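Here is the structure we will look at.
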Amino acid sequence: MSFPSLTIDPFDEEFLSDPFAYHDELREAGAVVWLKKYDCYAMARFAEVQAALKDWQTYISGRGVGLADFAREEPWRPASLLLETDPPLHDRTRGLMNKVASLASLRALMPVWRTKADALVAEVILKGEIDAVEALAEAFPLRVFPELIGLREEGLEHLIPYGTTAFNGFGPRNRILEQSMADAQEAIAWVAESCKRENLKSGGWGMQVYESADRGDCSPEEAERLVRSFLTAGVDTTVNGIANLIHAFAENREEWAKLRADPSLAKRAIEESLRWGGVVQTFFRTTSRDVATDGGMIPEGSKVLLFLAAANRDPRKWEDPDRFDISRNAGGHVGFGFGIHQCLGQMVARLEAEAVLCALLAQVTEIHATGTPQRRLNNTLYALAELPVSLTPAG
Ligand code: OVM
């Protein structure tokens with residue numbers, strides 16, 4: 001074994017509670033390292049992570065993007081037709097989903113989302129001290145996303161627990177995964193039902209996937225599985241993205257003042273929060289061949305853990321990387337991944353964040369922490385359980 005071998009467990013509770021404390025060690029150890037505990041390779045530097053994400057022929061997704069190798073073990077649910085596939089199948093499914101999840105259909109919704117965010121912030125601001133996770137980060141996506149997809153109203157409380165479990169599912173079968181699986185049985189059944197055509201409203205993105213199937217782009221069975229991708233990837237991610245954004249400003253009050261002085265920085269601020277926050281910490285790939293690297297050879301069929309969040313704070317790429325600085329151009333971060341699998345819903349995520357941020361800008365002069373933020377440990381997401389803040393009303 002020619003690669004540096006580390007005993008570090010990126011899925012243990014200590015690591016997951018404060019992953020950034022360990023990223024330096026991973027990046028400094030080498031461009032490619034060996035993780036003894038899981039018999040897998042890992043990359044944490046920006047250049048290598050980005051290159052691996054780009055090289056989808058070598059670093060494939062079809063054997064799963066979690067620790068489990070689908071060539072050796074059954075996935076816990078039927079594989080995603082987007083996330084856990086390679087071309088040519090991936091290109092077909094991604095192509096039809098790109099048309100459904102178009103920027104054009106989102107543009108029309110933006111004024112509606114802005115009005116809803118304004119109303120939510122107006123409600124919340126009256127309460128003084130709040131938990132921003134529940135009051136804003138969870139509440140806002142749940143007010144807009146189900147409608148976007150065209151979900152039935154009953155059972156929406158299952159969306160977050162389902163996403164939580166799916167993201168835990170990319171890690172090892174540790175206590176975190178076992179517990180969330182046990183908790184999510186009802187949510188899993190509800191999501192499966194919700195993906196069926198008869199449970200989707202016309203006009204929503206869900207039904208549009210079935211209409212794409214009607215045109216011959218995919219089978220009805222594939223449509224059902226593709227709708228599941230929206231439900232899996234679309235909620236716990238944006239919830240934590242918004243929580244992270246508020247957290248960033250609560251911890252860096254001078255940045256909030258800077259944004260208030262120049263609201264045209266809002267888009268930059270969101271991008272910077274995506275770089276800095278590390279909401280999606282990691283994804284795996286599997287090597288399709290022996291790969292020669294400077295440090296040695298990675299054999300075919302190896303799992304490689306890519307640390308997106310570590311890449312986004314790599315000092316080789318970013319100046320003063322741990323600083324949340326809304327003046328910086330964070331463009332090119334890999335928080336949404338890179339290459340053919342780059343997040344399909346990234347514009348939904350950005351527009352949700354923008355709606356909330358603009359509502360806060362209009363109504364709030366100061367955001368400050370009133371307690372210690374609590375983490376919710378997840379094998380993939382750097383998630384917040386609780387974010388106590390007080391919002392000072394404007395005027
Ligand atoms: C999916 C999917 C896509 C992206 C992320 C994700 C749980 C799932 O297609 O099901 O995370």
Side-chain angles (χ1 to χ4, degrees), residues 11 53 56 59-68 70 74-87 89-98 100-101 141 145 148-149 151 158-172 176-177 180-181 183-184 187-188 190-192 194-196 205-206 208-209 212 218 221-241 274 278-285 305-306 308-309 334-350 352 376-383:
F11 302 102
L53 290 169
W56 55 266
Y59 297 92
I60 65 171
S61 293
R63 287 167 72 167
V65 297
L67 179 62
F70 293 178
E74 280 286 297
W76 69 276
R77 59 173 197 165
S80 164
L81 297 173
L82 286 168
L83 182 74
E84 295 156 335
T85 60
D86 300 301
L89 173 58
H90 172 268
D91 294 349
R92 177 167 62 83
T93 53
R94 178 69 188 234
L96 81 86
M97 291 292 273
N98 278 344
V100 173
F145 188 78
L148 176 70
I149 306 303
L151 297 177
H158 293 306
L159 281 169
I160 295 173
Y162 184 82
T164 296
T165 298
F167 278 97
N168 278 329
F170 298 125
I176 298 170
L177 174 57
S180 81
M181 277 290 177
D183 295 344
I188 293 169
W190 179 86
V191 163
S194 301
C195 294
K196 293 182 177 166
W205 284 7
Q208 286 177 44
V209 177
S212 179
C218 66
E221 293 74 26
E222 288 175 325
E224 191 174 321
R225 190 98 60 91
L226 287 168
V227 173
R228 193 192 66 182
S229 285
F230 284 144
L231 274 58
T232 312
V235 186
D236 210 11
T237 47
T238 58
V239 164
N240 282 293
L274 289 162
V279 168
V280 176
Q281 286 277 311
T282 51
F283 270 120
F284 286 85
R285 293 291 188 261
L305 180 54
L306 304 178
L308 309 180
V334 292
F336 286 130
F338 187 78
I340 66 168
H341 289 280
Q342 194 180 49
C343 182
L344 170 71
Q346 60 186 280
M347 289 317 291
V348 177
R350 287 195 181 97
E352 283 186 17
R376 166 157 71 78
L377 300 191
N378 184 282
N379 283 336
T380 303
L381 300 175
Y382 191 44

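Counting starts at 1 for both ligands and their atoms, following the listed order. Atoms considered below: every heavy atom in the structure, side chains included; atoms not considered: hydrogens, waters and symmetry mates. Predicted, not measured: the structure shown is a model, and the values here were computed from it.
When heavy-atom distances to ligand 1 are checked against a 4.0 Å cut-off, R77 comes that close only through its side chain, counted from C-beta outward. Under 4.0 Å from ligand 1, heavy atoms of S229 appear from its side chain as well as its backbone.
In this structure, the side chain of R285 does not engage the main chain of W56 through any donor-acceptor pair within 3.5 Å. In this structure, the side chain of Q342 engages the main chain of G337 through a donor-acceptor pair within 3.5 Å.
Partners of R350 under the salt bridge (Lys or Arg N to Asp or Glu O under 4.0 Å) rule, at least two apart in sequence or in another chain, are E271. Taking the salt bridge (Lys or Arg N to Asp or Glu O under 4.0 Å) definition, one finds that R92 meets it with E222, sequence neighbours left out.
In terms of protein heavy-atom proximity, atom 2 (C) of ligand 1 is nearest to L83 CD2, 3.7 Å. Considering only non-hydrogen protein atoms, atom 7 (C) of ligand 1 sits nearest to T232 CG2, 3.3 Å. In terms of protein heavy-atom proximity, atom 11 (O) of ligand 1 is closest to F167 CZ, 3.0 Å. Closest to atom 5 (C) of ligand 1 among all protein heavy atoms lies A233 CB, 3.5 Å.
Side-chain rings of F170 and F283 approach one another, their centers coming within less than 6.0 Å.
Every atom of ligand 1 with a heavy atom of S80 under 4.0 Å away is listed here by number and element: 1 (C), 9 (O), 10 (O). Ligand 1 places these atoms under 4.0 Å from at least one heavy atom of A166: 7 (C). Close contacts of ligand 1 with F170, meaning ligand atoms under 4.0 Å from a residue heavy atom, involve 7 (C), 11 (O).
Taking all atoms of both residues into account, the shortest heavy-atom contact from L226 to C218 is CD1-SG, 4.4 Å. The two residues L381 and N240 come nearest to each other via the heavy atoms CD1-ND2, 4.3 Å.
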